[in-house]
Amino acid sequence: MKRLQAKPRFIPAGRVLDPLVIGGRPMARPVTGAVPDAVGKRPDSELDGADLPELAVRAASVRGEANRRDGAPRRDAMGLWQIDGSRLLACAAGGLAEGELSHVGAAEACASARRNLLGLLRHAEDGAPAEEFFAAVARDLTERAERTGVPADALRTTLLAAIIDTAEHRVHVAGVGDGMAALLREGSWTPFLPGGNGALPGDGGVKTAMVDLLRGDTLLLCTGGLARAMGDEEVSEQVSAWWSQPSVPSLPEFFWQLSFRDESHADDHTAICAWRR
């Protein structure tokens, strides 16, 4: 057999853009910093998504500049699951800054949402109180704290969970804490589940909402870090310009968009978006 010699193939590298700076310039260039030395550390960032009939989904969680600068782990977590032929479970959680292992709590809350899915489905289908679902998640967090040997307060986190029905084009959302659900319709944002107070386990004021997605709508589910940044008009207008385009962003493009920098908001950015096409 003839030996083939591999020849080097030159492929010019495209320039990877730095994250967009909105408003004032926080620093010359983004700095990732050291790898956090923390129990249960999650990756610096996460990226997920799906392209379904009449619906495109993009999800990303990006460690904030403050946590990168301080060598702290990303405290946000997210989850996206196909639960049957037409429905998705999406969740986003934000660990509280004062919690020693709140990043563990946020990841556990998302995993618990999947384990306790039936409670959320009972709320969406039969109108059962969403408090039952969040009570189950709170029990899981308390048990995780006991296994880890820390107080339950060390794992305190917010949680936003949604059932997205791609056949009925309907979304049921329930949350505890400062996460937000909003709808981008004809270029304007309408929060239909605004951020609130509380965290799990503990004093969780449960909020719920339902919304129908029209063709051309963009659904946003996000943690408090992005929700607070969206209160800035420049940030809100830029995000609206990105996500109201005729074409849905690719996964790398969505990640780049969510990596935007703003000197006033250096928290983690976590968002799950769904475009009705």
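Worth saying up front: this structure is predicted, and the values here are computed from it rather than measured. What's counted below: heavy atoms across the whole structure, side chains too, no hydrogens, waters or symmetry copies.
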Tightest non-hydrogen contact, residues Ser112 and Val137, listed as OG-CA, 3.3 Å

From CG (Leu88) to CH2 (Trp81), nearest 0.5 Å: 11.5 Å

Please assess Thr270 against Cys222 for the test side chain to side chain contact (heavy atoms under 4.5 Å, CB included), listing each intermediate value before the final yes or no. CA-CA 6 Å; Thr270 299; Cys222 67; over 6 Å; no

Heavy-atom closest pair (Ala145 atom, Leu155 atom, distance to 0.1 Å) is N-CD2, 3.9 Å

Residue pair Val211, Leu183: steps toward the side chain to side chain contact (heavy atoms under 4.5 Å, CB included) verdict: CA-CA 9 Å; Val211 68; Leu183 201 62; 3.8 Å; yes

Which residues satisfy the salt bridge (Lys or Arg N to Asp or Glu O under 4.0 Å) test with Asp48, sequence neighbours excluded? none

How long is the gap from CD on Glu186 to OG on Ser188, to the nearest 0.5 Å? 8.0 Å

Atom OG1 of Thr190 and atom CZ of Arg185: how far apart are they, to the nearest 0.5 Å? 7.5 Å

Any chain of hydrophobic side-chain contacts (each under 4.5 Å) joining Leu96 to Leu160? no

Asp178: partners by salt bridge (Lys or Arg N to Asp or Glu O under 4.0 Å), with sequence neighbours left out: Arg228

Between Arg63 (side chain) and Ala72 (backbone), is there a donor-acceptor pair under 3.5 Å? yes

Checking side chain to side chain contact (heavy atoms under 4.5 Å, CB included) for the pair Val57/Cys273: CA distance, chi angles, key distance, verdict? CA-CA 6 Å; Val57 183; Cys273 290; over 6 Å; no

Under 3.5 Å, is there a donor-acceptor pair between the side chain of Thr158 and the main chain of Gly94? yes

Just by modelled atom types, is the Leu258 backbone N or O under 3.5 Å from a matching donor or acceptor in the His269 side chain? yes

About how many Å separate CD of Gln238 and CE of Met230, when rounded to the nearest 0.5 Å? 11.0 Å

Give the ring-plane orientation class for Phe254 versus Trp275, where under 30° counts as parallel, over 60° as perpendicular and anything between as tilted. perpendicular

Nearest heavy atoms of Val173 and Ala162, plus distance in Å: CG2-CB, 4.0 Å

Hey, quick one: are Phe255 and Leu80 part of the same hydrophobic cluster, counting side-chain heavy atoms closer than 4.5 Å, chains of contacts allowed? no

Closest non-hydrogen atoms of Thr157 and Gly95, given as atom of the first, atom of the second and distance, are OG1-N, 3.6 Å

No-hydrogen, no-angle side-chain donor-acceptor test under 3.5 Å, Thr223 and Asp76: yes

Report the C-alpha distance between Met180 and Leu220 in whole Å, list the side-chain angles of each, state the deciding distance to 0.1 Å, and finish with yes or no for side chain to side chain contact (heavy atoms under 4.5 Å, CB included). CA-CA 8 Å; Met180 178 183 74; Leu220 167 65; 4.2 Å; yes

Using a strict 4.0 Å threshold on nitrogen-to-oxygen distance, state whether Asp268 and Arg68 make a salt bridge. no

Does Trp189 have any ring pair (Phe, Tyr, Trp, His ring centres under 6.0 Å) partners at least two apart in sequence or in another chain, and if so, which? none

Hey, quick one: are Ile22 and Val62 part of the same hydrophobic cluster, counting side-chain heavy atoms closer than 4.5 Å, chains of contacts allowed? yes

Considering only heavy atoms from C-beta outward, does the side chain of Cys91 approach that of Leu159 to under 4.5 Å? yes

Taking salt bridge (Lys or Arg N to Asp or Glu O under 4.0 Å) as the test, write out the residues that go with Arg170, two or more places apart. Asp212

Nearest heavy atoms of Asp18 and Trp256, plus distance in Å: O-NE1, 3.1 Å

As an exercise, state the distance from NE2 of His265 to CZ of Phe260, rounded to the nearest 0.5 Å. 8.5 Å

Regarding Thr218 and Trp243, do their side chains bring together a donor and an acceptor under 3.5 Å, going by distance alone? no

If you round to the nearest 0.5 Å, how far is CD of Glu65 from CG of Asp262? 9.5 Å

So does Asp267 pair up with Arg75, basic N to acidic O under 4.0 Å? no

So, for Leu120 and Ala174, which heavy atoms are closest and what is the spacing to 0.1 Å? CD1-CB, 4.3 Å

Glu253 atom CD, neighbour heavy-atom count above 12 within 6.0 Å: yes

Tell me, do Leu118 and Asn116 make a side-chain contact under 4.5 Å, heavy atoms counted? no

Arg58 side chain to Pro249 main-chain N or O, any donor-acceptor pair under 3.5 Å? yes

Applied to residues 125-134, the salt bridge (charged side-chain N to carboxylate O under 4.0 Å, His left out) test, sequence neighbours excluded, yields Arg87-Glu125

When you group the ILVMFWY residues by side-chain heavy-atom contacts below 4.5 Å and let the links chain together, are Val176 and Leu117 in the same group? yes

Please determine whether a side-chain nitrogen of the Lys or Arg among Arg276 and Asp217 lies less than 4.0 Å from a carboxylate oxygen of the Asp or Glu. no

Test side chain to side chain contact (heavy atoms under 4.5 Å, CB included) applied to Arg277 and Leu52, Val248, Leu55, the passing residue: Val248

Under 3.5 Å: donor-acceptor pair, side chain of His172, backbone of Met210: no

If you group Ile, Leu, Val, Met, Phe, Trp and Tyr by side-chain heavy-atom gaps below 4.5 Å, do Leu47 and Leu20 land in one group? yes

Mind checking salt bridge (Lys or Arg N to Asp or Glu O under 4.0 Å) for Glu46 and listing every partner two or more places apart, or none if nothing turns up? Arg42, Arg74

Side-chain heavy-atom pair Arg156, Leu200 within 4.5 angstrom cut-off: no

Are Asp165 and Val171 side-chain neighbours, meaning at least one heavy-atom pair lies under 4.5 Å? no

Is a donor on one side and an acceptor on the other found under 3.5 Å between the side chain of Lys207 and the backbone of Pro194? yes

Main-chain N/O of Ser236 paired with Ser240 side-chain donor or acceptor, under 3.5 Å: no

